[in-house]
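Quick notes on the structure that follows.
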There are 2 protein chains.
Amino acid sequence: MRLTTKGRYAVTAMLDLALHGTERPVSLADISGRQDISLSYLEQLFAKLRRNDLVTSVRGPGGGYRLSRGGGEIFVAQIIDAVNEAVDATGCGGTSDCQQGEVCLTHHLWCDLSEQIHQFLSQISLADLVERREVQSISARQDARTQAQGETLSVAEL
Amino acid sequence: MRLTTKGRYAVTAMLDLALHGTERPVSLADISGRQDISLSYLEQLFAKLRRNDLVTSVRGPGGGYRLSRGGGEIFVAQIIDAVNEAVDATGCGGTSDCQQGEVCLTHHLWCDLSEQIHQFLSQISLADLVERREVQSISARQDARTQAQGETLSVAEL
DNA sequence: CAATAACCCAGTAATTTAGTCAATTATAAG
DNA sequence: CTTATAATTGACTAAATTACTGGGTTATTG
């Protein structure tokens with residue numbers, strides 16, 4: 001499990017789909033415009049997302065992408081895994097060159113750690129994020145009116 | 001919070017320190033030999049670890065590095081943060097170019113997510129890992145004797 | 001003084017990220 | 001049928017990050 005900007009782009013794009021794709025398919029050009037991600041980079045990402053059955057495509061005018069299923073059944077971990085593809089474990093994925101058990105054990109430990117993160121992100125669905133979003137935007141507007149109190153600083157930045 | 005191999009190297013090296021540095025300081029050459037990380041790369045990593053007060057150094061013959069405090073007071077998140085340094089949020093760290101509130105909100109959401117991972121890794125200390133390690137190595141030896149039963153496959157690989 | 005090992009710095013190969021460009025293919029609409 | 005739209009494919013490149021090399025210096029122990 002790697003956590004890089006690439007995964008963030010993918011999650012952002014998928015969230016955009018979840019937010020805007022309820023009626024009609026969403027074109028990558030739209031996502032590119034809204035989320036400020038280059039069209040060609042989106043193409044690369046969505047090729048992988050499609051191969052991993054997270055989205056379906058509709059060609060031609062009015063076409064674009066749709067979530068392959070409900071937002072409640074697509075999880076953040078799946079999205080990140082899809083675009084990171086072929087993470088090949090840790091350079092010590094069973095086949096490789098751990099001289100002593102010791103080395104391999106620290107690797108194994110790291111796998112444990114990232115596996116737990118993976119499980120954490122496997123529990124968060126796009127639907128969860130959409131909901132959370134609405135909650136936050138509401139509370140953000142409330143904060144703007146009632147003057148933020150300090151804890152809500154990061155929200156007030158917007 | 002980024003999760004890359006760089007952070008894994010740092011955690012592995014720090015764990016090596018925790019395991020072998022109880023008596024005397026541990027030289028980077030030793031860690032390099034045991035963990036198969038290039039000496040110069042370790043130098044880079046430890047420069048950052050030292051700047052972040054996670055290790056102390058002893059120069060001269062017999063010198064090396066020590067944990068700056070007990071393994072129970074050094075957490076995985078601190079190690080990863082130390083070597084990743086200057087993560088500058090998400091390209092939208094307050095100062096930047098979010099055209100609409102919308103974009104900024106997806107960013108904020110991602111921050112939330114990685115913040116939760118950060119908190120998770122902030123609860124795991126080196127001491128926890130050392131303990132876990134011992135438990136695993138013991139159970140690994142037990143499994144080797146009693147013939148592993150399937151679930152313990154990854155341990156049995158060693 | 002000599003050996004050790006941290007410390008520092010400049011450079012560089014390899015990989016990943018991010019993006020460009022140029023085609024081709026499917027399809028809806030006129 | 002033609003045209004515009006938008007996915008799809010692929011090759012190629014720029015920038016950033018990761019991982020590493022090598023050369024030096026400084027402090028310390030024996």
Side-chain angles (χ1 to χ4, degrees), chain A residues 1-13 17 20-21 24-33 35-52 54-68 80 82-88 90-92, chain B residues 1-13 17 20-21 24-52 54-68 80 82-88 90-91:
Chain A
M1 178 109 251
R2 279 183 301 169
L3 270 196
T4 65
T5 52
K6 191 176 190 175
R8 195 186 89 229
Y9 278 128
V11 172
T12 301
L17 257 195
H20 299 95
R24 64 191 72 236
V26 180
S27 74
L28 295 188
D30 286 353
I31 299 178
S32 174
Q35 305 301 337
D36 208 43
I37 306 171
S38 93
L39 181 58
S40 302
Y41 197 41
L42 282 174
E43 282 170 358
Q44 286 178 38
L45 297 178
F46 273 79
K48 292 181 178 183
L49 294 171
R50 194 168 61 90
R51 268 183 243 127
N52 284 267
L54 296 174
V55 297
T56 59
S57 60
V58 180
R59 285 183 158 205
Y65 287 92
R66 281 204 159 100
L67 298 183
S68 65
I80 293 174
V83 297
N84 281 350
E85 240 177 13
V87 194
D88 94 322
T90 46
C92 141
Chain B
M1 176 112 252
R2 281 183 301 170
L3 270 195
T4 65
T5 52
K6 190 175 189 175
R8 195 186 90 230
Y9 278 128
V11 172
T12 301
L17 257 195
H20 299 93
R24 65 191 72 235
V26 180
S27 74
L28 295 188
D30 286 354
I31 299 178
S32 174
R34 270 192 298 265
Q35 306 300 338
D36 210 42
I37 306 171
S38 93
L39 180 58
S40 302
Y41 196 42
L42 281 175
E43 281 171 359
Q44 284 178 40
L45 297 179
F46 273 80
K48 293 182 177 181
L49 294 172
R50 194 169 61 90
R51 267 183 244 126
N52 284 268
L54 296 174
V55 297
T56 57
S57 61
V58 180
R59 286 184 155 203
Y65 287 93
R66 281 203 159 100
L67 298 183
S68 66
I80 293 174
V83 297
N84 281 350
E85 239 177 11
V87 194
D88 95 320
T90 47

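Chain letters run A, B, ... following the sequence lines, proteins first, then strands; residues in each count from 1.
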Is the backbone N or O of A:Ser38 less than 3.5 Å from a side-chain atom of A:Ser32, with the two atoms forming a donor-acceptor pair by type?
-> no
Nearest-nucleotide 5' precedence on DNA chain D, A:Gln44 against B:Tyr9 =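 The answer here is A:Gln44.
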Whole angstroms only, please: what is the [atom1]-[atom2] distance between [X] and [N]?
| X | N | atom1 | atom2 | result |
| --- | --- | --- | --- | --- |
| B:Leu45 | C:dA6 | CG | C1' | 15 Å |
| B:Ile80 | D:dT18 | CD1 | P | 12 Å |
| B:Leu39 | C:dC7 | CG | P | 12 Å |
| A:Ile37 | C:dT20 | CD1 | C1' | 17 Å |
| A:Glu43 | D:dA11 | CD | P | 15 Å |
| A:Lys48 | D:dG10 | NZ | P | 14 Å |
| A:Leu42 | D:dA6 | CG | P | 14 Å |
| B:Leu3 | D:dT18 | CG | C1' | 15 Å |

Can you name the nearest heavy-atom pair linking [X] to [Y], along with the distance?
| X | Y | value |
| --- | --- | --- |
| A:Ile31 | A:Phe46 | CD1-CZ, 3.9 Å |
| A:Gly63 | A:Pro25 | C-CB, 3.8 Å |
| B:Thr12 | B:Gln35 | CG2-OE1, 3.4 Å |
| B:Ala82 | B:Leu49 | CB-CD2, 4.0 Å |
| A:Val58 | A:Arg66 | CG2-NH1, 4.5 Å |

Between B:Asn84 and B:Met1, is a side chain to side chain contact (heavy atoms under 4.5 Å, CB included) present by the stated rule, with each step listed?
-> CA-CA 8 Å; B:Asn84 281 350; B:Met1 176 112 252; 5.6 Å; no
Where the side chain of B:Arg2 is defined as all heavy atoms beyond and including C-beta, which of D:dA7, D:dC20, D:dT18 is the nearest nucleotide?
->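 My answer, after comparing the listed nucleotides, is D:dT18.
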Check every atom of D:dT21, C:dT17, C:dT20 against the side chain of A:Tyr41 and return the nucleotide holding the closest atom.
-> C:dT17
Between [X] and [N], is there a contact of a side-chain N or O with OP1 or OP2 at under 4.0 Å?
| X | N | answer |
| --- | --- | --- |
| B:Thr4 | D:dT18 | yes |
| B:Tyr65 | C:dC7 | yes |
| B:Ser27 | C:dT4 | no |
| A:Ser40 | C:dA18 | no |
| B:Arg50 | C:dA6 | no |

Classify every nucleotide of nucleotides 24-30 of chain C by which part a protein heavy atom approaches to under 4.0 Å, writing B for the base, S for the sugar-phosphate alone and - for neither, in 5'-to-3' order.
-> -BBBB--
